[in-house]
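One structure is given here, and the rest of the page talks about it.
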Amino acid sequence: MIESGTDIARAVVDASFLRRQGSMAGRAAFRRDMDQSRRAIAASREILKRLRQRKIDEAHGDVEQHRVSAFDADILRKVFRDLVLEMKAPESQWRDLAQSLVHEFTACERVDAALVDWIIRK
């Protein structure tokens, strides 16, 4: 069957329209993905920048150190022991529990390992 010229032209126009519509959706998805990638890269750069600054501050000794007095350490140890008894926490979780207690008390990310060892000592 031979199609008329108008049918062929209409089919070409329809195919062209569908292809353009598909490519527009593809471009929008691509742009969305690129924007998301750019935001992720910017966030990564910001984290790296903060880490580098922290390392520089540590090297220069500008990092604020939170001292824990002997009295405070005794209190932390007592709270730790009470918490372990209440929670019936296994010994494998004691170090993490003690670290989180010291972290909450000092509001400092760096926790002295010797203090944690002293707190969990039997």
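When a residue number appears, it is its place in the shown sequence, counting from 1.
Put simply, the side chain of His103 does not reach to within 4.5 Å of the side chain of Arg110, judged on heavy atoms. The shortest distance between side-chain heavy atoms of Leu97 and Ser100 falls below 4.5 Å.
Going from atom CD of Gln99 over to atom CG of Asp112 covers 10.5 Å, rounded to the nearest 0.5 Å. Residue Ile75 holds its CD1 atom at 12.5 Å from CG of Leu101, rounded to the nearest 0.5 Å. To the nearest 0.5 Å, the span separating CG on Leu76 from CZ on Phe105 amounts to 5.5 Å. Note that the CZ atom of Arg50 and the CD atom of Glu46 stand 6.0 Å from one another [nearest 0.5 Å]. Note that the CD1 atom of Ile47 and the NZ atom of Lys49 stand 12.5 Å from one another [nearest 0.5 Å]. Here the straight-line distance linking atom CD1 of Ile41 with atom CG of Leu48 works out to 11.5 Å at 0.5 Å rounding.
Classification of Asp35 and Arg32 as a salt-bridged pair fails, no side-chain N sitting under 4.0 Å from a carboxylate O.
Across all non-hydrogen atoms, the minimal contact from Ala73 to Val68 is N-CG1, 3.8 Å.
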Extract all donor-acceptor atom pairs below 3.5 Å that involve side chains of residues 79-90 and protein atoms in other chains or at least two apart in sequence.
residue, atom, partner, partner atom, Å
Asp82, OD1, Lys78, NZ, 3.1

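Panel note: side chain Arg77, backbone Arg121; a donor-acceptor pair is recorded below 3.5 Å.
In this structure Gln53 satisfies the side-chain hydrogen bond (donor to acceptor under 3.5 Å, both in side chains) test together with Asp57, sequence neighbours excluded.
By the 6.0 Å contact criterion, CD on Gln36 is open, its count of non-hydrogen atoms from other residues, nucleotides or ligands being 12 or less.
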